[in-house]
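First the proteins, then the strands, lettered A, B, ... as listed; each starts at 1. Heavy atoms only: backbone and side chains are in, while hydrogens, waters and symmetry mates are out.
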Amino acid sequence: MFYDYKQIEKKWQKHWYENNTFAAKDDYTLPKFFALVEFPYPSGQGLHVGHPRSYTALDIVSRKRRLEGYNVLYPMGWDAFGLPTENFAIKNHIHPEIVTEKNVAHFKEQLQALGFSFDWTREINTTDPDYYKWTQWIFLQLFKKGLAYKKEMSVNWCTSCKCVLANEEVVNGVCERCGNEVVHKVKSQWMLKITEYAEKLIDGLDDVNFIERVKTQQKNWIGRSEGTQIKFKTTLGDEFEVFSTRADTLFGVTYMVISPEHPLLEKWADKLSNIDEVRAYQEEAARKSDFERTELAKDKTGVKLEGVAAINPATEQEIPIFVSDYVLISYGTGCVMGVPGHDSRDWAFARKFGVPIIEVVAGGDVEKEAYTDCDTGVMVNSGFLNGMSVDEAKKAIADWLIERGLGSKTVNYKLRDWVFSRQRYWGEPIPIVHCDKCGYVPVPESELPLLLPTVDSYEPTDNGESPLAKMTDWVNTTCPHCGGPAHRETDTMPQWAGSSWYFLRYCDPHNKEALASKEALEYWGPVDWYNGGMEHTTLHLLYSRFWHHFLYDIGIVPTAEPYAKRTSHGMILGENGEKMSKSRGNVVNPDDIVNQYGADTMRLYEMFIGDFEKAAPWSSSSIKGCKRFLDRVWALNDMVVDGDDYSAELESDFHRTIQKVTSDIEELKMNTAIAALMSLLNGIYAKKNVTRGELKTFITLLNPFAPHLTEEMWVMNGYDGMLNETKWPVFDEAKCVVASIEIVAQINGKIKAKLNVPAEITAPDAIALAKADAAVAAAMEGKTVIKELYVPGKLVNIVVK
RNA sequence: GCCGAUGUGGUGGAAUAGGCAGACACAAGGGACUUAAAAUCCCUCGUUGGCGACAACGUACCGGUUCAAGUCCGGUCAUCGGCACCA
């Protein structure tokens, strides 16, 4: 009988949705499993075939865990604030709320058409005031603890989005989203002190089960480096500090460099005879965009300060000070010591500006290039450090500096504080009021949510203010503290705000009193398994870990780390092996696939496509194999014979397949799990019939992958209850082995024969059997046996000469 | 430049802990069924040589360890991802 996937899939999707079949239970005594996938941004383009790769994988894990008796929470929601919706609204003069609503409805329909077992009773939306009330509440807690602060600073400004960007959103000097130029602009911005959590965010990685590349990427991004902070006196009688990881090279310091933005330049201004030249250089540096700084900056520029010099504390010699933009104001102290002999940037600078190069670590040729090796060199020209290794010298010089009050051990991070303001409309209003008398005052918690007002135009202003700034009725308010006139903050939060805690809301999504009840958070937290894209490693994943650590510190959540386990899926590429994009014309639309092959085939194919963690190109012909497999499964309906047991010829195959599918799913090796099921099906076909017991196990194993087809077959064949309520099959280890196995006989590692032997055969018997084989005997003819070995279940190898 | 990953047939990819390389599929070729096509079913399918049972070679490249290497070690090349003047 023909398998009508369109009708069958729709039927079950409706049934599951109307009956809340996959709703998590509120019974907190059951063993729990919280599976999480990144909730989508509901764009106008609809679902991408990349989304279902992640969603299907954890859907499979969730469905299996339910059959194993877990209380599973597998939720879904909408990360709906954000620029594309706002830009669409500007262009078409439609309120972003209406656009969002429409997009969400479309996404939801598409997700349901794929048969995911999401708990739709817990659906959330970051733009819902009942939700963003708590986003604002968390911000206020950060503010109260001094972790949210406003700062006049140079920010990344996207000229096209007319909006500031976080450092993480600037890619190769251009805007991550639109690809347009990013320039520096001094603006007053809300900042979150993520740097205060740098250490905890590194240490926390030891307590979680994240795939290694996520851990290393986060560690590199945070960029911890240990070194020494060293004081240098100047000829003007004052002093300044530098940070160095190579304090051992102090005797080789022949100049200093300070960043063009450094405040010391102002302090020294009237003492500098070439101040005009310095000012011109500062202006030039400020004009450079990030793109110019990173792409064109390999050639060193700079100006020597006339009228001030530094004193090397080790040699007590005067050394020149330069200003140069290769030193960043935002890292370390904004000043560095120049060691041209042992740092390639300093070497290039020294060569260009004629600064002497001194060798202090022997082993290279500092006339030709900087010698940066720390492992093998020996200290020279370095007074009391001479003869030491680099490591010994680092310790000795640090002690020497500390004793004299000239230095301290310091740790620096590449991580910067998080720029949290956006001059845009479609985001959570920042719940702060500015009062001339009282400064920045939080909106009282009782007044949350601070609703986003309706505006006439969503267009950002050219002077860089949010469209909210034009809403004077809304902006002008009274100070919650003194009652005097005050105005509201008009910047909104970045898109990352709502997604930094959304998983907590799933635990208790309708709670009016708290972001979630304590009991719910204690039962469900932490997320047991979180799968998502690598592109979120240094953004969403880091931000949400930061917020969760903070919420832990103020006693809201039960663990410091939000996610016990993190895995990552590879991208699905276009058929030509390139990234899918409209401009390349290689986009595959999930709706078309569901229409043509059905959801079960789509799910199966996305899991069979290859290694889950690797990128894989879409293939419109390979998917046919998956459809063919499901058609063959359906055809089992006509092959059923009585019998609750496995047939003798397939018994061990069944046990081994259960074993393999069970473990493969947990390791996200879906492709080999499916291959095992295909092999088993081929075995059933060879036998030409299937017992009721065999069919039951087979469709239960296949159920997480192809839930509609298997549920229908379950009902058709009259098994008890529903398939989604049955038990996951168990295997018997003893029955996984077969009585007779095939081993190979090798001479000097080359295969000469294949032998059928009993599984329990002893080594001497196996070797004797091998020797009895004609081909083996022929190969041994006239040779001396040196060694004989038997690898149980695998092979016999006879070494001869 | 630094950090990480990857490299296997025409294609996607398999191969616990070093033990039959190419599972499972796709594509291709041949055959059956059919008026025909689609669908389905059966066979072949790493390369070279041979009519042939068979032999030699083969997991990016060079070398090493081992009875045995896709897998371990040293080096080289290529591709992808991340970071990139971070002192």
Report task. Indicate, yes or no, whether a donor-acceptor pair under 3.5 Å links the base of B:C20 to the side chain of A:Lys754. Result -> yes
**Report entry** Heavy-atom side-chain contact between A:Leu539 and A:Trp221 under 4.5 Å
**Finding:** no
**Report entry** Minimum-distance nucleotide (side-chain atoms of A:Arg628 versus B:A21, B:A27, B:C24)
**Finding:** B:A27
Query raised in the report: Is the centre of the A:Phe629 ring less than 6.0 Å from the centre of the A:Phe608 ring?
Result: no
Query raised in the report: Across all strands, who's sitting opposite B:U79 as a Watson-Crick or G-U wobble pair, both distances under 3.5 Å?
Result: B:A5
Query raised in the report: Do A:Glu38 and A:His540 have a side chain donor and acceptor closer than 3.5 Å?
Result: no
Query raised in the report: Base, sugar-phosphate alone, or nothing: which one does A:Phe608 contact when heavy atoms must sit under 4.0 Å apart?
Result: base
Requested in this report: Look at the side chain of A:Lys624 and the base of B:C26, then say whether one donor and one acceptor between them are separated by less than 3.5 Å.
Outcome: no
Query raised in the report: Phosphate oxygens OP1/OP2 of B:G13: is one of them under 4.0 Å from a side-chain N or O of A:Thr672?
Result: no
**Report entry** Geometric cation-pi criterion, A:Lys300 with A:Tyr326: 6.0 Å, 45°
**Finding:** yes
Query raised in the report: Is B:G9 syn or is it anti, if syn means the base angle is within 90 degrees of 0?
Result: syn
Requested in this report: Quick one: label A:Glu613 by what it contacts on the DNA or RNA (base, sugar-phosphate, nothing), any heavy atom closer than 4.0 Å.
Outcome: nothing
Query - Length of the CD-P vector between A:Glu578 and B:C80, whole Å - result: 11 Å
Query raised in the report: Under 4.0 angstrom, heavy atoms only, what part of the nucleic acid is A:Asp631 near: base, sugar-phosphate, or nothing?
Result: nothing
Requested in this report: Could you tell me which nucleotide pairs with B:A27 by Watson-Crick or G-U wobble geometry, both distances under 3.5 Å, or answer none if nothing does?
Outcome: none
Query - Sugar-phosphate only, base, or nothing, as touched by A:Thr538 at under 4.0 Å among non-hydrogen atoms - result: nothing
